[in-house]
Amino acid sequence: MNSPVRALHGLIEPGFIRRLAPLALPIAFQNLLTSTFAAVDTVMVGQLGDTAIAAVGAAAQIAFFINMIMFGVASGGAVFISQYWGAGDHRRIHNAHGLMLLATVPTAIVFSLVVLFFPRQMISMFTKDPAMIELGIRYLRFACFSYIGSAFNQVWAAVLRCTEETRIPMFANIAGVLVNVSCNYIFIFGKFGMPQMGVAGAALATTLSAFVTPLVMLLWSLKKRNMLGTGFSQLFTFDRAFAKTYAVRSLPVLLNESIWGIGYTAYNMVFGHMGTDNYAALTITRTIENIVFAFFVGICNATNVIVGKSVGAGEYEEAKKHARSCMALYTTVSLCLGAIMIFLRDPILTFFSISDTVRATTRIMLLIYCIELVLRNTPYILVVGIFRGGGDTKTGLKLDLYCLYFITLPLVFITGMLLKWPFLVVYVLMLLVEDGLKSIIGLRYYRSMRWIQSVVEKH
């Protein structure tokens with residue numbers, strides 16, 4: 001593997017890693033910490049049994065879908081903020097910030113109320129197991145309020161990252177995960193005189209930490225007087241022309257993340273009906289995947305800022321060089337992490353209190369993930385890091401419509417629900433078809449360079 005890695009490293013422009021690192025490392029560390037403590041949460045819940053793991057995993061899919069909508073709004077706003085940061089237009093950054101808040105917070109409140117009043121209907125979409133449904137209802141009644149805190153978190157983290165303030169979201173998330181893990185220990189197991197709440201305790205801890213993170217971000221920013229801590233009078237003073245341009249550019253991103261979230265949730269609905277043990281294995285696998293994914297989140301978000309800043313400043317050739325370096329770095333990191341995780345998967349699984357059946361299935365799923373790692377995140381890096389940084393907000397939407405909805409999702413439904421193929425066969429089919437198609441089409445479009453589309457020039 002040394003030869004391919006050395007060749008890829010040669011494609012990275014001199015100084016790119018040095019420029020990327022101050023942005024990427026805090027973001028990667030933040031997500032690594034969050035994902036690691038999420039794994040600790042899963043281990044704690046795992047003490048309650050396989051059904052509890054599966055129930056919390058199913059309930060978490062609702063939060064996942066809602067967070068994808070919030071991420072869509074934040075990612076759409078990031079297109080404007082990163083490019084206006086490069087152009088030095090602070091007023092438009094504040095305007096974009098205001099529009100992001102208007103789109104996310106009311107939406108999060110509505111979702112919280114829907115889940116609060118209809119938890120049984122929500123969790124029943126993923127399973128027919130009565131025990132799993134009851135545990136899921138208990139979890140959702142506390143966790144639904146976390147969606148509001150997550151809305152502020154998504155928006156404010158995007159504002160800070162796109163204006164190159166990456167340390168504040170990192171430390172805010174550290175505070176959030178410490179609160180989450182501490183409260184999990186106290187509420188799940190009934191420590192320090194508190195009642196033993198089980199899965200409801202895990203949900204309460206999630207909600208408390210969801211509000212701690214944005215609160216720390218805001219208080220720190222007010223003290224530092226950065227782009228988040230200033231300009232409040234300009235948040236909602238945008239003109240109609242800017243609001244229209246913002247909507248036209250950002251709506252495809254919102255739709256993209258929403259339909260991807262719906263599609264991904266539909267996958268999980270199919271898998272949820274293929275057995276509680278299989279869904280428990282899927283929950284654990286994704287918990288571990290998220291730890292590895294943290295490294296790619298750092299690369300992707302930093303690339304979005306660097307590419308967007310160059311496009312906003314009119315330096316298009318620099319943007320192309322940065323994008324090429326990003327792809328080479330991403331591929332190098334993927335090869336290395338995939339090889340490392342093949343050897344670490346067994347030691348990692350020893351931390352989970354699960355049945356032998358769940359352990360065996362999870363072990364195979366992790367091996368599949370390691371082998372497919374390079375292919376897995378290529379569409380993410382292309383769409384979120386490069387295309388959106390360059391101002392192209394429509395290509396990701398087209399990729400998901402064609403590859404996910406027209407091909408992969410029907411294939412998974414037919415093989416999993418109608419033909420009753422084995423769980424692992426359906427899982428591998430989903431990965432190879434969706435990731436393969438998206439990567440092939442996405443790389444062809446990347447080489448065309450049509451993704452460079454400045455939003456600054458229009459104002």
Side-chain angles (χ1 to χ4, degrees), residues 32-64 67 112 115-116 119-120 122-123 126-127 129-150 153 172-213 215-216 272 276-277 279-291 347-359 362:
L32 178 62
L33 190 69
T34 303
S35 300
T36 301
F37 278 104
V40 174
D41 290 351
T42 304
V43 170
M44 289 184 183
V45 173
Q47 305 302 312
L48 307 175
D50 293 347
T51 303
I53 291 180
V56 172
Q61 290 307 306
I62 299 169
F64 166 80
N67 279 326
S112 296
V115 174
L116 176 65
R120 183 174 298 275
M122 295 292 105
I123 201 68
F126 298 92
T127 182
D129 184 334
M132 191 170 158
I133 289 173
E134 292 306 314
L135 287 173
I137 290 172
R138 271 187 243 167
Y139 184 89
L140 286 175
R141 282 177 174 154
F142 285 90
C144 63
F145 298 106
S146 68
Y147 311 152
I148 301 170
S150 295
N153 188 16
N173 272 271
I174 290 174
V177 296
L178 290 176
V179 168
N180 189 24
V181 172
S182 301
C183 290
N184 263 331
Y185 177 72
I186 294 170
F187 296 136
I188 291 176
F189 304 113
K191 303 297 181 180
F192 304 108
M194 297 299 294
Q196 185 174 336
M197 298 175 65
V199 295
L204 179 57
T206 296
T207 296
L208 292 174
S209 64
F211 283 94
V212 166
T213 302
L215 181 62
V216 172
T276 300
D277 284 350
Y279 204 88
L282 182 66
T283 300
I284 295 170
T285 299
R286 288 187 173 153
T287 300
I288 298 170
E289 285 178 7
N290 287 337
I291 296 175
I348 290 173
L349 287 179
T350 60
F351 290 100
F352 294 90
S353 178
I354 50 180
S355 65
D356 291 340
T357 302
V358 173
R359 187 181 306 278
T362 307

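Counting from 1, the numbers follow the sequence of the chain as shown.
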Would you say Phe211 has more than 12 foreign heavy atoms packed within less than 6.0 Å of its CZ? yes
Take Ile284 and Leu349, measure what side chain to side chain contact (heavy atoms under 4.5 Å, CB included) needs, and give me the verdict at the end. CA-CA 9 Å; Ile284 295 170; Leu349 287 179; 4.2 Å; yes
NZ of Lys191 to OH of Tyr185, rounded to nearest 0.5 Å, is 4.0 Å
Between the side chains of Thr213 and Asn153, is a donor N or O closer than 3.5 angstrom to an acceptor N or O? no
Supply the atom-to-atom distance Ile288 CD1 to Thr283 OG1, rounded to the nearest 0.5 angstrom. 11.0 Å
Could you check whether any side-chain heavy atom of Tyr139 comes within less than 4.5 Å of a side-chain heavy atom of Ile123, counting everything from C-beta outward? no
If I take atom OH from residue Tyr147 and atom OG1 from residue Thr207, how far apart are they, to the nearest 0.5 angstrom? 8.5 Å
Flag side-chain contact, heavy atom, 4.5 Å: Asn180 against Leu208: no
If I compare all heavy atoms of Gly136 with all of Ala59, which pair ends up nearest, and what's the gap? O-CB, 4.4 Å
Can you tell which of Leu135, Val56, Ile62 makes a side-chain contact (heavy atoms from CB on, under 4.5 Å) with Leu140? Ile62
If every non-hydrogen atom of Met132 is compared with every non-hydrogen atom of Tyr279, which pair is closest and at what distance? CE-CD2, 4.3 Å
Exercise: identify the closest heavy-atom pair between Pro119 and Arg141: CG-NE, 4.2 Å
Salt bridge (charged side-chain N to carboxylate O under 4.0 Å, His left out) involving Arg120 - partner list, sequence neighbours excluded: Glu134
Hey, are the side chains of Leu178 and Val212 touching, using non-hydrogen atoms and a 4.5 Å cut-off? no
Do Val199 and Phe142 have side-chain heavy atoms sitting under 4.5 Å apart? no
Can you measure from CZ (Arg359) to CG (Asp277) and round to the nearest 0.5 angstrom? 12.5 Å
For Ala143 versus Ala203, what's the shortest heavy-atom pair and its separation? N-CB, 3.6 Å
Go through the structure and list residues passing side-chain contact (heavy atoms from CB on, under 4.5 Å) with Leu116, not counting sequence neighbours. Cys144, Phe145
